[in-house]
Chemist: 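Mind looking over this structure? Questions follow.
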Amino acid sequence: MCCNDKGFVNELSKEMNVTEADAEFILMSQGVVGLYRRRRGTEEAEEQARALLAASTGHEDSRESGEKLWTANYMLDIAINFFVYVVHYQLMLWSTSYAINTWQVSISTAGLASGIFIVGSLLMRLPAGRYIDLAGRRRLLLWGTSAYFLLMLLYRLCPDVASFMVVRLLQGMAFGATSTATSIIAASLIPLKRMGSGIGYYTLGVTLASAVGPFWALSFINVGDFETSIIFCSALALIILCLSWLLKVPERDLSEREREAYHGVSLGDFIAKSSVAISMIAMVGGVCYSTVLSYMGEYAAANGMAELGGRFFFLCFAAASILSRPLIGWLLDNRGGNVVIYPSLLFLTGSMLLVAFAADDYMLLAGGVLLGIGYGSITAACHALALHCSLSRKMGVATSTYFMLLDMGTGAGPYCLGSVVPFFGFSAVYIMAAIIAVLGFGGYFLSMGRFHRFSIERLDRERDIKKRAAMHAANA
């Protein structure tokens, strides 16, 4: 049995308010849990489990009443998340140049002023995921978007770089709350059987923002127009807030037992153990992507490929990611996880090797295409599967667990691998990233792939059990 089976049994037992032995029997009766020794319960326990399963049959999840994906609220949620990330990516580039030009600080200090935003995001993701259903999904979204807008108004009022960093940190926390809320809302709006496609289209907005945000930022920076950039981002933040008020959010009604669970605090309350393994595969993707994002400018210039290869690398990356996303979502929903995760890791490995040994602009651009397919696929698939590994009561925690590990890979990759540049050059960075991708391939096989954890048969059965468990909990 793979480690995710144990986590799913534990989550199901809590969702249905039964013992783990009963939950295990329910899963085995559906052919979900494979070959491992189960605890021998009494005939009464097995009969109770059968009754629970039968009682939950016949109820229909409101999300499963139809397979319609493109609802007005789903599209509105995508738009909100897109604009949130546009502002984020634009300010990441803008804040560095602004700090240098305004206070004449060093490059490292300006970099800290930019990067401290991510620190704030990480600080907020775990509590946001843990308490979102207690606070209310819509309420957390409105808190986050309100703070996101109001803090934009403080940028031009900062008298020094220290206060500027405080504002950046606080806005990073608002970003963490908002992006976590929009992700959980999107997952609650997507039909279970179309989770792969739904999450794929949702994260496509982030990919588009990663191209649009930096483009606008560089357009303003190149002409030294910092004031207009702030006005532009403030206007977008106001639009985000207005759209948030229009969004109709499905909430979870917590039982008395679930509310009491919030009184205690443990690590398991903030980390979805059943989602950790697949989220670590996403972390591998974050390492590969961030090393390219951080060093591509210097690497392309040092090798005489700045004009063509370096300039259009991320355009090829974005185009490949956008074009491949619909197919990836369909494969995940209809063929299972292995047919997406294994090729994605191979694409990541190939892209890192092409970049490392690029002899001309076209090899570099080919690396961008493979990176777009590999990174875009791995993040969308792992996001959907991380949510799948956890039942509805832990959806928020599963989301924050996924983003925490992805952000850790994105943040740690350039710092850890970049240390080899003075000794071995930039190519060594990408060779090491390729090795990490290969290790990710092996890690996925050993922990999940060989157990067929995400086979389409298991995914379908677990979707059905999750639906029944949610209905049983609602009617209990």
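All values derive from a computational prediction rather than experimental measurement.
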Chemist: Can a donor-acceptor pair be found, under 3.5 Å and without considering hydrogens, that links the side chain of Thr203 to the backbone of Gly200?
Modeler: yes

Chemist: Begin from the C-alpha positions of Tyr202 and Thr182 and carry the test side chain to side chain donor-acceptor pair (under 3.5 Å) through to its verdict.
Modeler: CA-CA 10 Å; Tyr202 170 80; Thr182 55; 3.0 Å; yes

Chemist: State, to 0.1 Å, how close Ala237 and Phe149 come at their nearest heavy-atom pair, and which atoms those are.
Modeler: CB-CA, 3.8 Å

Chemist: Short question: side chain of Ser377, backbone of Gly374 - any donor-acceptor pair under 3.5 Å?
Modeler: no

Chemist: Under 3.5 Å, is there a donor-acceptor pair linking the side chains of Thr207 and Arg325?
Modeler: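 The answer is yes; a qualifying pair exists.
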
Chemist: Looking only at heavy atoms, which two atoms of Ala300 and Leu364 are closest? And how far apart?
Modeler: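 Scanning both residues completely, I find the closest heavy atoms to be CB-CD2, 4.3 Å.
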
Chemist: Is it the case that Arg138 and Ser244 place a side-chain donor and acceptor less than 3.5 Å from each other?
Modeler: no

Chemist: Does Tyr131 use its side chain to pair, donor to acceptor, with the backbone of Leu126 at less than 3.5 Å?
Modeler: no

Chemist: So, does Tyr402 use its side chain to make a donor-acceptor pair with the main chain of Cys382 at under 3.5 Å?
Modeler: no

Chemist: Angle class for the Trp103/Phe164 ring planes (parallel below 30°, perpendicular above 60°, tilted otherwise)?
Modeler: tilted

Chemist: Can you tell which of Trp94, Tyr155, Trp216 makes a ring pair (Phe, Tyr, Trp, His ring centres under 6.0 Å) with Phe232?
Modeler: Trp216

Chemist: Report the residue from Phe83, Tyr89, Phe117 that forms a ring pair (Phe, Tyr, Trp, His ring centres under 6.0 Å) with Phe175.
Modeler: Phe117

Chemist: Is it true that, when you exclude Met363 itself, more than 12 heavy atoms of the residues, nucleotides or ligands shown sit nearer than 6.0 Å to its CE?
Modeler: yes

Chemist: Looking at Ile185, is its backbone amide N or carbonyl O close enough to the side chain of Ser188 to form a donor-acceptor pair, meaning the two atoms are under 3.5 Å apart?
Modeler: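 Yes.
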
Chemist: With a 4.5 Å limit on heavy-atom distance, are the side chains of Met152 and Leu238 in contact?
Modeler: no

Chemist: Could you tell me if the side chain of Phe226 sits less than 4.5 Å from the side chain of Ser97, heavy atoms only?
Modeler: yes

Chemist: CD1 of Ile328 to CD1 of Ile199: how many Å apart, nearest 0.5 Å?
Modeler: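 One finds 15.0 Å between CD1 of Ile328 and CD1 of Ile199.
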
Chemist: Hey, is CE on Met165 packed in by over 12 heavy atoms from elsewhere, all under 6.0 Å?
Modeler: yes

Chemist: Determine whether Glu457 and His452 make a side-chain contact, defined as any pair of heavy atoms from C-beta on separated by less than 4.5 Å.
Modeler: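 Glu457 does not reach His452 side chain to side chain.
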
Chemist: Hey, does the side chain of Gln171 reach the backbone of Tyr148 with a donor-acceptor pair shorter than 3.5 angstrom?
Modeler: yes

Chemist: For Ser275 and Ala386, indicate whether the former's side chain and the latter's backbone hold a donor-acceptor pair under 3.5 Å.
Modeler: yes

Chemist: More than 12 heavy atoms of other residues, nucleotides or ligands under 6.0 Å from CZ of Phe424: is that the case?
Modeler: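 No - once you tally the heavy atoms of other residues, nucleotides and ligands closer than 6.0 Å, there are 12 at most.
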
Chemist: Quick one: closest heavy-atom pair of Ala381 and Ile341, and the distance?
Modeler: CB-CD1, 3.9 Å

Chemist: Any side-chain donor-acceptor pair under 3.5 Å between Thr109 and Ser106?
Modeler: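 Checked: Thr109/Ser106 side chains pair up, N/O donor to acceptor below 3.5 Å.
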
Chemist: With a 4.0 Å cut-off on N to O distance, would you call Arg125 and Asp407 a salt bridge?
Modeler: yes

Chemist: Once rounded to the nearest 0.5 Å, what's the spacing between atom CD1 of Ile373 and atom CG of Leu348?
Modeler: 10.5 Å

Chemist: Check whether any side-chain heavy atom of Arg453 lies under 4.5 Å from a side-chain heavy atom of Glu462, and answer yes or no.
Modeler: yes

Chemist: Taking atom CD of Glu307 and atom CG of Asp361, what is their separation to the nearest 0.5 Å?
Modeler: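 Nearest 0.5 Å value for the CD-CG distance: 9.5 Å.
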
Chemist: If you round to the nearest 0.5 Å, how far is CG of Leu385 from CD1 of Ile278?
Modeler: 5.0 Å

Chemist: Could you go through the side chain to side chain donor-acceptor pair (under 3.5 Å) check for Tyr444 and Asn338 one step at a time?
Modeler: CA-CA 9 Å; Tyr444 176 79; Asn338 288 0; 2.6 Å; yes

Chemist: I need the minimum non-hydrogen distance between Leu406 and Ala282, along with the two atoms involved.
Modeler: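 Taking Leu406 first and Ala282 second, the nearest heavy atoms are CD1-O, 3.4 Å.
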
Chemist: Working to the nearest 0.5 angstrom, can you tell me the gap between Leu189 CG and Trp70 CH2?
Modeler: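 Here the rounded value is 12.0 Å.
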
Chemist: Does His383 form a side chain to side chain donor-acceptor pair (under 3.5 Å) with Thr399? I'd like the steps, not just the answer.
Modeler: CA-CA 8 Å; His383 188 176; Thr399 298; 4.9 Å; no

Chemist: Using modelled atom types only, decide if a donor and an acceptor are shared between the side chain of Thr401 and the backbone of Ala272 within a distance under 3.5 Å.
Modeler: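 Checking the backbone N and O of Ala272 against the side chain of Thr401, a donor-acceptor pair under 3.5 Å is found.
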
Chemist: State, with a plain yes or no, whether a side-chain heavy atom of Arg168 is found less than 4.5 Å away from one of Leu91.
Modeler: yes

Chemist: Donor-acceptor check, side chain of Arg450 to backbone of Leu446, threshold 3.5 angstrom: yes or no?
Modeler: yes

Chemist: Drop me the distance from Met283's CE to Ile436's CD1, to the nearest 0.5 angstrom.
Modeler: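 Those atoms lie 9.0 Å apart.
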
Chemist: Mind checking whether Asp333 and Lys193 have side chains closer than 4.5 Å, heavy atoms only?
Modeler: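 Sidechains of Lys193 and Asp333: no contact.
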
Chemist: Just checking Tyr74 against Tyr201, ring centres under 6.0 Å apart?
Modeler: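 No, the ring of Tyr74 stays outside the 6.0 Å limit from the ring of Tyr201, centre to centre.
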
Chemist: With a 4.5 Å limit on heavy-atom distance, are the side chains of Tyr85 and Ser179 in contact?
Modeler: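 Yes. Closest side-chain heavy atoms under 4.5 Å.
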
Chemist: Please examine the side chains of Leu387 and Met395, heavy atoms only from C-beta on, and report whether any two atoms are closer than 4.5 Å.
Modeler: yes

